[in-house]
Amino acid sequence: MKKGKKMSGAAEQFELIGIAKQKAEETLKNAELTKTLLGIIKEAGCEKGCEKAIGQLLYQLATKLNKGKESIRSQIIAWIVSKKVTNINMDALMTYVNKHQELDIPTIEKECGVGVIVTREQIIEGVKQLLSGKMEELKKNRYTMEGQLIREAKDSIKWADGKILNEELMKQLKEILGEKTKDDIKKKAQKKSGEPNKKEEVKNLPKQKNVDSGVKLSNPADNIQKTPEILAEHLKRTGGIYVTRFPPEPNGYLHIGHAKSMYLNFGYAEKTGGKCYMRFDDTNPEKETHEFISTIEETVKWLGHTPCAVTYSSQYFDRIYDCAIELIKRGKAYVCHQTPDQIAASRENKQPSPWRDRSVEENLKHFKWMCQGRYGEGEATLRMKMDINSPNPCMWDLVAYRIKFFPHPVTGDRLCCYPSYDFVHCLVDSFEDITHSMCTLEFLPRRESYFWLLDALDMYKPVVWEFNRLNITYTVMSKRKLHALVDKGYVRGWDDPRMPTIMGFKRKGYSADAINNFCRTVGVTTNTTVYIDYEVLEQHCRDDMEVKCKRAMCVPDPVKVILTNVPDDYCIEVVRPNHPMNDKMGTNTVHLRKVLYIDRSDWRDEDKKGYWGLAPNKVVGLRYAGNIICHKFDKDVEGKVTCLYCTFDADKKEKPKGHIQWVSSGVNGAEPARAELRYYDTLFTDPKPESPDWEKLINPKSLTIVNGYVDETLEHVKPLDCFQFERVGFFCCDTDSKEGALVFNRTVGLKESKEKKQI
Ligand code: ATP
Ligand code: MG
């Protein structure tokens with residue numbers, strides 16, 4: 001009873017700050033988010049309501065502020081309420097505070113444009129300056145520079161309202177160049193499709209190519225179309241090359257599954273001499289952010305892929321709108337006023353919507369009203385008039401447009417009516433002349449609707465080709481789950497080395513080569529349940545690091561060793577190869593002094609057969625230096641050894657049984673460089689964490705931190721430098737590392753772990 005009452009109170013509160021009903025209902029399902037949001041509303045003094053724009057920012061704050069950042073929350077709330085933070089700089093602010101450890105208010109204000117108001121006059125002036133430096137170029141390239149200019153203007157006039165900026169830029173461009181001519185429009189279309197200016201003859205089309213991973217795609221000239229003219233036009237535009245695209249939704253970081261998709265799409269284009277677009281499928285403004293957009297671009301580049309162009313589904317919104325109008329005119333779309341629940345029920349019962357048979361004029365009028373903001377969220381949708389009697393639910397009048405009063409990261413608050421994934425994806429594939437639209441198998445039922453729409457508009461149709469999603473044991477790949485891991489603080493962020501994100505792997509120490517090599521070997525099947533063993537990925541990483549990484553020494557659990565037979569200021573130079581198997585990698589020099597440290601695991605109070613480490617009166621070699629023999633040791637009250645007294649034999653008169661790594665003290669017995677070593681285990685305890693209770697399968701011991709010593713060659717390492725710490729494992733310097741406070745992530749062990757193998 002009590003709970004129900006509280007929830008309905010929460011629902012009211014959400015409504016009062018302008019959150020749409022459907023979103024409020026979703027939010028209420030998440031008890032933690034509900035609690036956070038209610039706390040924020042209270043603190044903002046908005047319990048009796050507030051402007052919708054402020055409400056949306058408070059909502060964003062509740063969903064986006066990472067755990068552990070509560071100390072800055074009140075300050076952000078104050079900024080939102082006083083309108084010093086708006087939808088122009090909210091994204092930047094969230095990214096900044098989530099990313100930085102030290103949060104100093106003046107720096108945040110400066111970095112995130114808090115309180116900065118850019119007037120229309122300043123925008124006019126900024127645009128003027130930008131264009132005046134480009135007159136020559138402008139005269140030559142005219143309107144083809146539009147996209148580039150918008151980006152440059154956004155960069156140079158920071159914190160400007162995107163809508164005003166666009167307007168001013170277009171106005172001034174028009175003053176300089178005059179109205180767009182037919183030629184301008186044609187050139188721009190050519191530039192967008194990446195087509196060379198001279199028309200290529202459609203001959204010598206490439207033969208069907210076979211690329212590794214077992215992918216064999218049909219010849220673009222064999223793509224089946226409604227009419228031969230459509231195909232001929234397409235081939236004329238592309239010259240018959242293979243055209244693919246990688247279309248992530250910017251609602252999270254890319255994961256290792258995306259790496260496979262990229263490997264297929266970019267790889268196929270590259271190997272056939274074709275081209276591949278990087279396309280942001282940004283039709284869902286609520287979940288998409290600039291942080292995700294820029295990280296995705298960075299990730300694609302880091303993996304070594306070169307898109308022929310970076311596009312956004314949103315850049316085609318005008319063309320997509322025209323398609324919607326055309327579809328309505330052809331009698332194949334209608335405006336429906338059923339609620340989402342009613343739509344679901346009538347689809348279930350195969351009942352047509354009561355609005356299905358409106359006239360074209362009615363539909364045009366109501367669709368325009370939808371786009372003008374005359375309807376509230378959920379009050380109207382545009383639906384495609386497909387086939388409600390089809391056995392395929394994807395043919396039951398899918399929604400083409402829905403209303404969302406939410407600013408879009410690219411188009412800003414220009415629109416309040418957004419096309420759906422189902423409407424956009426095939427249209428943009430067609431606009432970009434994609435020859436092979438590769439997608440994961442769950443899209444198989446959507447093939448029919450994909451072709452239905454393109455045929456309904458007499459447009460060019462790509463081949464749709466499905467492949468299985470990549471799954472890896474002991475991790476999850478769904479973005480919903482990845483969001484939960486980050487939002488609920490199970491990990492330290494999207495690039496936490498335990499995450500299956502590409503940025504997580506990078507931070508852990510994986511190279512792009514290791515990831516791409518892995519993708520090459522996993523192959524393509526149509527079996528959706530296959531899980532690739534996590535060890536396979538680790539082995540690719542190990543093979544790669546084995547060849548590339550310099551060697552160095554570290555002792556994760558140090559025990560002091562005093563050399564008793566050398567003077568106090570004893571110091572010798574020890575020259576070591578950077579790589580034992582590769583002379584070309586050179587050498588490095590470290591010092592060995594009277595006090596040094598070895599790892600606790602290399603000491604035993606009593607020697608035993610088959611044990612290679614140090615024990616009383618046993619000769620053991622120090623890697624690259626002489627031998628030591630321990631003749632006395634101290635223990636603390638718990639029986640833990642605290643100091644070993646050894647004699648040193650620089651000449652190695654005896655042949656030792658084993659060699660151990662060591663780290664020397666500095667000048668005058670100074671402590672060696674300390675390092676935080678982060679050891680990672682799998683994120684889940686279950687190889688297939690699929691159950692609804694998947695959060696219970698999270699490994700509580702996925703991170704273990706130990707504080708050890710590293711040798712002097714590591715004192716000035718840079719983040720992302722990788723090493724093999726001899727006998728310990730492969731490590732990568734973490735981005736949290738600072739001089740004097742080094743942090744290393746263990747990328748992978750030297751050998752496959754036995755326990756995991758047993759599992
Ligand atoms: P989710 O359903 O978890 O949100 P998604 O498939 O919607 O993931 P997108 O960002 O839309 O994620 O994916 C971009 C491209 O990458 C799509 O073509 C998608 O099919 C592909 N992809 C996504 N996940 C995997 C995976 N695990 N293995 C292979 N390809 C994938
Ligand atoms: Mg998707």
Side-chain angles (χ1 to χ4, degrees), residues 213-215 244-269 276-284 286-289 291-293 295-297 299-300 303 305 307 310-314 409 420-422 424-426 428-429 432 434 436-447 450 462-487 494 499-505 515-516 518-532 534 536-537 688-690 694:
S213 305
V215 182
T244 56
R245 86 285 174 268
F246 171 61
E249 192 182 339
N251 61 352
Y253 277 38
L254 297 181
H255 53 59
I256 186 90
H258 291 122
K260 172 178 168 180
S261 176
M262 277 185 261
Y263 184 81
L264 290 175
N265 280 297
F266 286 103
Y268 210 85
C276 178
Y277 287 91
M278 152 86 234
R279 183 201 309 155
F280 287 105
D281 207 349
D282 55 347
T283 52
N284 220 349
E286 280 145 311
K287 295 189 195 150
E288 296 158 6
T289 68
E291 184 201 347
F292 293 143
I293 291 177
T295 311
I296 290 174
E297 250 186 279
T299 308
V300 173
L303 276 178
H305 301 304
V310 176
T311 59
Y312 294 78
S313 292
S314 60
S420 65
Y421 172 88
D422 291 299
V424 168
H425 200 77
C426 58
V428 179
D429 273 356
E432 290 181 348
I434 303 301
H436 296 83
S437 176
M438 301 192 221
C439 58
T440 36
L441 274 162
E442 71 276 14
F443 289 96
L444 192 62
R446 281 161 134 142
R447 218 181 227 238
Y450 181 104
V463 162
V464 177
W465 192 87
E466 291 92 2
F467 64 93
N468 65 321
R469 283 181 95 84
L470 174 69
N471 292 312
I472 295 183
T473 53
Y474 298 101
T475 191
V476 288
M477 223 75 92
S478 122
K479 273 194 234 151
R480 182 179 61 80
K481 289 181 179 171
L482 296 179
H483 265 281
L485 289 170
V486 175
D487 296 346
W494 282 95
M499 289 284 274
T501 55
I502 298 169
M503 286 293 138
F505 282 114
I515 295 174
N516 286 325
F518 167 74
C519 293
R520 195 185 61 236
T521 52
V522 291
V524 184
T525 74
T526 46
N527 187 340
T528 46
T529 54
V530 171
Y531 269 77
I532 305 283
Y534 192 76
V536 176
L537 179 58
K688 298 184 181 183
E690 285 169 356
W694 64 278

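Each ligand, and each atom within it, is numbered from 1 in the order the structure gives. Computed from a prediction, not measured in an experiment: that's the story for all the values here.
None of Asp429, Thr311, Asp281 except one satisfies the side chain to side chain donor-acceptor pair (under 3.5 Å) rule with Arg245; the exception is Asp429.
Among the atoms of Ser478, none of the N or O lies under 3.5 angstrom from an N or O of ligand 1. For ligand 1, the polar-atom distance check against Asn468 finds no nitrogen or oxygen pair separated by under 3.5 Å. In terms of polar-atom proximity, His258 is counted as a contact of ligand 1, with an N or O under 3.5 Å from an N or O of the ligand.
Contact atoms of ligand 1 toward Phe467: 29 (C), 30 (N) (distance under 4.0 Å to a heavy atom of the residue). For ligand 1 and Pro248, the ligand atoms under 4.0 Å from any heavy atom of the residue are 10 (O), 14 (C). Proximity to Thr440 (heavy-atom distance under 4.0 Å) selects the following atoms of ligand 1: 19 (C), 20 (O), 29 (C), 30 (N), 31 (C). Close approach of ligand 1 to Phe246 is summarised as follows: ligand atoms under 4.0 Å from at least one heavy atom of the residue are 15 (C), 16 (O).
By the criterion of a heavy-atom distance under 4.0 Å, the side chain of His255, and not its backbone, is placed next to ligand 1.
Residues satisfying the ring pair (Phe, Tyr, Trp, His ring centres under 6.0 Å) test with Tyr312, not counting sequence neighbours, are Phe280. In this structure Thr440 satisfies the side chain to side chain contact (heavy atoms under 4.5 Å, CB included) test together with Glu442, Phe443, Phe467, Arg469, sequence neighbours excluded.
When the heavy-atom distances from atom 12 (O) of ligand 1 to Arg245, Glu249, Lys479, Lys260 are ranked, the shortest goes to Lys479. Checking Leu470, Ile472, Asn265 against atom 27 (N) of ligand 1, the nearest heavy atom belongs to Leu470.
Interatomic distance, Glu432 CD to Thr244 OG1, rounded to the nearest 0.5 Å: 10.5 Å. Between Leu485 atom CG and Arg480 atom CZ the span is 10.5 Å, to the nearest 0.5 Å.
Ring centers of His483 and Trp494: under 6.0 Å apart, within the cut-off.
The pair Lys479-Glu249 does not count as a salt bridge, with every side-chain nitrogen at least 4.0 angstrom from each carboxylate oxygen.
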